[in-house]
Asks: 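This structure is in structure tokens; I'll ask about it shortly.
All chains are named by letter (A, B, ...) in the order of the sequence lines, taking the proteins before the strands, and each is independently numbered beginning at 1. Atom set for the values below is all heavy atoms of this structure, side chains included, hydrogens, waters and symmetry mates excluded.
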2 protein chains.
Amino acid sequence: MGRPLQIDRISVLEAGLRIADEDGLQAVTMQGVAGALCVTPMALYRHVANKADLLDGLVELLLTDVPLPPDTMAWRERLEWMGEAVRGAAQRHPAVFALLLQRPAATAGALVVRDAVYQALREAGVAEPEVARTERVISTAILGFAGSEAGGRFGSRSRQEVDADFAAVEAMVSAYLDQVCGVSRPSVPSD
Amino acid sequence: MGRPLQIDRISVLEAGLRIADEDGLQAVTMQGVAGALCVTPMALYRHVANKADLLDGLVELLLTDVPLPPDTMAWRERLEWMGEAVRGAAQRHPAVFALLLQRPAATAGALVVRDAVYQALREAGVAEPEVARTERVISTAILGFAGSEAGGRFGSRSRQEVDADFAAVEAMVSAYLDQVCGVSRPSVPSD
DNA sequence: ACCTGAACACCGTTCAAGT
DNA sequence: ACCTGAACACCGTTCAAGT
């Protein structure tokens, strides 16, 4: 616990994220974050507008903790990578992850991830007008799973069982992608 | 706003749900709920153990607001019905819906919905050891979508566009089900 | 420019007391 | 049995003041 007697926005957010990870969202108070930085609560207001801004900042910080895949990877592997990266971020930051579904996916950090998915979908051959919707559909499935796991909705199931659940979600998403980009697994040529 | 001078657990929860629906979760305070019932905050403690218990009760109340389909419906229509019923409950109670992903899906209300899905999956021909996992996978997708919509993650998109997104999620889930129960849309007979 | 002290309204919760 | 009054520790936030 370094206690720099000079505070900035990043150190405030990092302290908040650490508290959220360790003790949950209800432990993230202005007094708690200030205490972790050896400062009075009022000192925080120079670096965050208010508590809502602090929480927004935590979500952004979480999003920077989603590693993007290297460009050299094929699109399908890149999508798998990102799904697992999102799940990993949810596991590391379960409390803050719950806030992700709660706000518009239009912040800087959210756009970085979204655009990486867009790019992979284009390479997969998804028609341009379908790209945005396809991203929302697969993000919805991945976020629903990661959020459920992080939030504890799956209860005390074993790690192996939850891993198998995630593999099933990935398979569902993958089959959906095959359908959308119109290749592999050829089936009834309806509409 | 009837003000019965006799209070019970149901009236406390209903007041809490109304406040959550109208003004959001942060407006659900012991004082706020008590005020709506024309009672002091301390009076609530005879009917709910504490605030966490009140919130748990709100989630249960929301779950009773998910109408189950009539038995006479075929399994696929019943699953569609439940997906739309969950989405509807999320739209009516967006604030409380956010709490759903946050707690174990093992409460009485959650089990009622879960078991209805189990039953439909069995009729669909899903093998018994796959029923539980399949339920988790499709619930994950539906909850992820409904939670995103209710939480505002989709931003200010038009109702029509969000409806189309939901239809795409339903299609993804439906195709997954075809795969799991092994019928229709025959494709490459791999593993 | 950055932090502090004092203060305010508002939380959740308790306990003893009223009826 | 059910509700209230008084009280406590703890919130978020402000404003004027210190350095």
Side-chain angles (χ1 to χ4, degrees), chain A residues 1-62 95-96 98-99 102-103 151-152, chain B residues 1-62 95-96 98-99 102-103 151-152:
Chain A
M1 310 276 172
R3 42 187 75 86
L5 283 189
Q6 193 74 323
I7 298 309
D8 62 358
R9 184 170 230 265
I10 287 296
S11 57
V12 169
L13 296 181
E14 285 176 344
L17 187 58
R18 207 176 322 121
I19 292 173
D21 292 346
E22 292 169 4
D23 300 316
L25 219 51
Q26 92 290 355
V28 180
T29 67
M30 300 302 271
Q31 357 261 326
V33 174
L37 295 167
C38 298
V39 110
T40 65
M42 301 79 80
L44 302 181
Y45 285 86
R46 190 154 301 271
H47 306 106
V48 294
N50 47 40
K51 192 178 176 185
D53 182 41
L54 199 174
L55 294 178
D56 284 345
L58 296 190
V59 175
E60 281 300 283
L61 201 54
L62 176 144
V96 175
L99 298 178
Q102 230 73 349
R103 53 206 70 213
Chain B
M1 310 279 170
R3 41 186 75 87
L5 283 189
Q6 194 74 324
I7 299 306
D8 62 357
R9 183 170 231 265
I10 287 295
S11 57
V12 170
L13 297 181
E14 285 175 345
L17 186 59
R18 207 176 322 121
I19 294 173
D21 292 346
E22 291 169 5
D23 300 315
L25 219 51
Q26 92 289 355
V28 180
T29 68
M30 299 303 271
Q31 357 260 326
V33 174
L37 294 168
C38 298
V39 109
T40 64
M42 302 78 80
L44 302 181
Y45 285 86
R46 191 153 301 270
H47 306 105
V48 295
N50 47 40
K51 192 178 176 186
D53 182 42
L54 198 174
L55 295 178
D56 284 346
L58 296 189
V59 175
E60 281 300 283
L61 201 54
L62 175 146
V96 174
L99 298 178
Q102 229 74 353
R103 54 205 72 212

Asks: Can you give the dot-bracket line for DNA chain C, using ( ) for pairs inside the strand, [ ] for pairs that cross earlier ones, | for pairs with another strand and . for unpaired bases, where Watson-Crick and G-U count if both distances are under 3.5 Å?
Replies: ||.|||||...|||||.||
Asks: How long is the span from the CD1 atom in B:Ile7 to the CG atom in B:Leu44, to the nearest 0.5 Å?
Replies: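 That separation rounds to 8.0 Å.
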Asks: Starting at CD of B:Gln31, measure out to OG1 of B:Thr29 and round the result to the nearest 0.5 Å.
Replies: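 Between atom CD of B:Gln31 and atom OG1 of B:Thr29 there are 5.0 Å.
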Asks: To the nearest 0.5 Å, tell me how far B:Ile19 CD1 sits from B:Glu14 CD.
Replies: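 Reported to 0.5 Å precision, the distance equals 12.5 Å.
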Asks: Whether the side chain of A:His47 engages the backbone of A:Val12 through a donor-acceptor N/O pair (distance < 3.5 Å, no angle test) should be reported.
Replies: no
Asks: A:His47 side chain N/O closer than 4.0 Å to the phosphate oxygens (OP1, OP2) of C:dC3?
Replies: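 Checking A:His47 against C:dC3: at least one side-chain N or O falls below 4.0 Å of OP1 or OP2.
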Asks: Would you give a per-nucleotide map of nucleotides 6-19 of chain D, 5' to 3', where B means the base has a protein non-hydrogen atom under 4.0 Å away, S means only the sugar-phosphate does, and - means neither?
Replies: B----SBBB-----
Asks: Once you round to the nearest 0.5 Å, how far does CG of B:Leu17 lie from CD of B:Glu22?
Replies: 9.5 Å
Asks: What is the separation between atom CG on A:Leu37 and atom C1' on C:dT4, rounded to the nearest whole Å?
Replies: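 Those two atoms, CG and C1', are 15 Å apart.
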Asks: Looking at every heavy atom in both A:Leu54 and A:Val28, which two are closest together, and how far apart are they?
Replies: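 Between these two residues, the closest heavy atoms are CD2-CG1, 4.3 Å.
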Asks: Hey, what do you get for CG (A:Leu58) to CG (A:Leu25), rounding to the nearest 0.5 Å?
Replies: 8.0 Å
Asks: Once salt bridge (Lys or Arg N to Asp or Glu O under 4.0 Å) is applied, what residue pairs with a partner in residues 50-59 of chain A remain, sequence neighbours excluded?
Replies: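 Listed once each, the pairs are A:Arg9-A:Asp53, A:Asp56-A:Arg103.
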Asks: Check the distance between D:dA1's P and B:Gln6's CD and give it to me in whole angstrom.
Replies: 13 Å
